[in-house]
2 protein chains.
Amino acid sequence: MATLKDVAARAGVSIGTVDRIVHNRGRFSPETAQRVKAVMKELDYRPNVLASRLSKPRRCRLAVILPQAQQDSGYWSLPLRGVERAHKALEGLGLQAKTYAYDRFDAADFRRAAEMVLKDKPDGVLLAPMIPQEAQIFLAQLGEDVPVVFIDTDLDGISPLAYIGQDSYQSGRLAARLMGLLCRGLPGRLLVLAPEARNRHLDNRLAGFRDFAAGEVAVIRSSVESDHDQDVLAKLLDDAFQEDVAGIFVTDASAHFVAEYLVSKSDGEESIQGRSGNHGLSMNECGGQSGANQQIPLVGYDLVPPNRQWMEQGRIDFLLTQRPEDQGYAGVNRLFRRIFFQESGPRVEHTPIDIVTPENLAYFPHTSYQVE
Amino acid sequence: MATLKDVAARAGVSIGTVDRIVHNRGRFSPETAQRVKAVMKELDYRPNVLASRLSKPRRCRLAVILPQAQQDSGYWSLPLRGVERAHKALEGLGLQAKTYAYDRFDAADFRRAAEMVLKDKPDGVLLAPMIPQEAQIFLAQLGEDVPVVFIDTDLDGISPLAYIGQDSYQSGRLAARLMGLLCRGLPGRLLVLAPEARNRHLDNRLAGFRDFAAGEVAVIRSSVESDHDQDVLAKLLDDAFQEDVAGIFVTDASAHFVAEYLVSKSDGEESIQGRSGNHGLSMNECGGQSGANQQIPLVGYDLVPPNRQWMEQGRIDFLLTQRPEDQGYAGVNRLFRRIFFQESGPRVEHTPIDIVTPENLAYFPHTSYQVE
DNA sequence: GGCTTTTGCGTTAACGAACACGCAACATAA
DNA sequence: TTATGTTGCGTGTTCGTTAACGCAAAAGCC
């Protein structure tokens, strides 16, 4: 590897001059510059990141902007854990990470957090852009030269360093695939529950599901954030059940609300239909007769505690998860390597789509899914 | 951050002494050592990797030991691509990677490759240990101080820096889960085709499948490496088909052999049973009647070209894949970061278990599954 | 006791880049 | 002619660590 010294020697100038030309600072004559640049190209000179860092020990200060940890049934504590893990591993190299939590249902609160970040002038930003419009404004203010990594949700029309998260479209397709197997032989159409608020992430799941599901798909838009909402949801579901329903797909973490509804509904109605462990999925039926009296298949997302409970009950058939902790970890790592090494890497890093069923649920630890 | 100088000053010795004590080299008295170590603990001294690297610009030379690229239907060219990608990204920091290919069915050839590696004295080794006994011997010769990363297959009783690959047990469970859905209502037992040669990776897939499958599971052990083998396999399958078969699971990439057998068998027999696209999986049946005359479900591994073809024909229902390119990339990355940063990281890094179906096959590029 | 060897530890020059400093050379002005 | 600026570029120090070197003092040997 050629060094500054090599370039300087070959160009017949001092290393100081080369340094000034490399960084375009101080004074130098155009002729010298041209000569030095030619030599740099000839020797394929690339600055040594190590020496550079050593000499000018700029800190690598990251801003981590996430919804409050307890929101979405505590979901956001998981990426946070990944962030902390990465921070611990890299703090020896001067990495600093400061977390800014915001209320993901309150644009003003996001703006407050964003202002704090802007004031702190971080070297990189890890952001879960749950409020797209506000995120856009923030990013415009932040400027081009601060690398940004999105986790969980991607944004259109913006080119951050990377998006790290699930391939939401594919996961929707997978959900449809599984649903198709679950509801084979069942009469009726497929029901999808999607939140009212637009979210690219969740819309993609829906799109993937739709594209892959051959049967009729009906979409209900409703978000549950209060008891009242839950009543509204129940009404909407009641309406939907005027027709036959073959299966239900929930695009966010609220599958447990539907599970609750279904259980109270069936309790009210025809009493004991093999629930809890003896549901239609059971492998025991392989080689036996097809299940006619099975419960309505339910497929959803994320291992939040209430979903876990209903899956233990056997009332949720499939949950797809996206390794939120890994997203936090990978995001910090990515930013660090960018700032440290100028590393670029792919625009999109997809985290695995884990398939959780009542049978393998126990293998997914309560806090998060993490190897070792 | 405390530096060598700080420690030296506080302990009343020179930095040279501290350096010797830190690295346990050269001469120093036990008393001084104790004093210095106490100070290091007090100041929480950690060596600065940057300065260390700068001062001692050791190269990071990696040995990459993989089966020949064309083996297993060209499978091994995929991890190799990942290795090359990582190499390109990190060569600016002094990373060098040399590849040693071996015939994975020839222990002597592995030994030849291993000897070359030993002679080259690499700083780290990336290894796909397809011949466990030989790998063990090689690793013993290599010594403890050279970090080793396994990809694809893990080895018992050895503690390498990391294993990067699929969670094979879980993937077997997932296969069983999918199989259970596919063969619901079909009479008979489940057939598993596993290679004769023991391989922890494939055995785990089998174990996972077995543990999760509730119905009866019959195992056929056979490897196809020649036309003769294919005849043997056909005989074994003929035998198995004396009883009813509900579905077939293949633990390695040879699902296409079974597909071939099944097609020629059904061509010989009852003629047209809705094959090719109209198989039992189709979503179209959702809401319709259960499929009685469906073909025998077939689940296997890896997107090697012949598997891809049979899946296009609709004769393979599910293929599970493991992102071989990512394994190569992550492996090199991991070794580099170990050597460079002393980074430890988890013993096991699992790559995603992708689920490929006839319907989403087109989304998996021919060469490999890679984002961007 | 004189001699060599060993032991313990300090000194110092790299390593590659950053940057403050300052010295010439030349131009301009008084 | 001398004072004052400006331009272009070289010097020297710094970052934290490594490793070669070297110098004493202690220890071993005849």
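To find a chain, count down the sequence lines: A is the first, B the second, and so on, and within it residues start at 1. Both backbone and side-chain heavy atoms feed into the values below; hydrogens, waters and symmetry mates do not.
A heavy-atom distance below 4.5 Å is found between the side chains of B:Val7 and B:Val36.
Side-chain polar atoms of A:Asp120 and A:Tyr100 form a donor-acceptor pair below 3.5 angstrom.
One atom, CZ of A:Phe28, and another, P of D:dG10, lie 14 Å apart when rounded to the nearest Å. One can place CG of A:Asp19 at 15 Å from C1' of D:dG8, the figure rounded to the nearest angstrom.
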Contact list (N/O, under 3.5 angstrom) for nucleotides 12-16 of chain D vs protein:
| residue | atom | partner | partner atom | Å |
| --- | --- | --- | --- | --- |
| D:dC15 | O2 | A:Ser55 | N | 3.4 |
| D:dG16 | N2 | B:Ala51 | O | 3.4 |

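As judged by a 4.0 angstrom heavy-atom cut-off over every strand, B:Val13 is placed among residues touching the sugar-phosphate backbone only. Note on B:Arg53: nothing from the nucleic acid sits closer than 4.0 angstrom, heavy atoms only.
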### Task
Could you check A:Gln327 against A:Thr351 for side-chain hydrogen bond (donor to acceptor under 3.5 Å, both in side chains), going step by step and ending with a plain yes or no?
CA-CA 7 Å; A:Gln327 290 179 15; A:Thr351 50; 3.3 Å; yes
### Task
Any chance you could lay out the side-chain contact (heavy atoms from CB on, under 4.5 Å) test for A:Glu325 and A:Leu80, step after step, and finish with the verdict?
CA-CA 7 Å; A:Glu325 177 163 345; A:Leu80 200 56; over 6 Å; no
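Applying the salt bridge (Lys or Arg N to Asp or Glu O under 4.0 Å) criterion to B:Arg104, with sequence neighbours excluded, gives B:Asp72. Partners of A:Ala101 according to the side-chain contact (heavy atoms from CB on, under 4.5 Å) rule, which considers only residues two or more places apart in sequence or in another chain, are A:Gln68. By the ring pair (Phe, Tyr, Trp, His ring centres under 6.0 Å) test, A:Tyr102 is found to be paired with A:Phe110, residues two or more places apart in sequence or in another chain being considered.
For the helix from C:dG1-D:dC30 to C:dA30-D:dT1, the rotation axes defined at the first and last 5 base pairs enclose an angle of 60°, given to the nearest 10°.
Taking 4.0 Å as the cut-off between side-chain N and carboxylate O, A:Asp154 and A:Arg347 count as a salt-bridged pair. Ion pairing between A:Asp103 and A:Arg112 fails under the 4.0 Å rule for side-chain N and carboxylate O. Salt bridge A:Arg46/A:Asp44: present, at least one basic N to carboxylate O contact under 4.0 Å.
Annotation: cation-pi pair B:Arg20/B:Phe28 absent, no NZ/CZ under 6.0 Å from the ring centroid and within 45° of its normal.
Phosphate contact (OP1/OP2 of D:dC9, side-chain N/O of A:Thr32, threshold under 4.0 Å): present.
A residue-by-residue look at A:Val22 and B:Thr17 shows that B:Thr17 has its nearest nucleotide of DNA chain C further toward the 5' end.
Reading DNA chain C from its 5' end, the first and the last nucleotide to sit under 4.0 Å from a heavy atom of chain B are C:dT7 to C:dG16.
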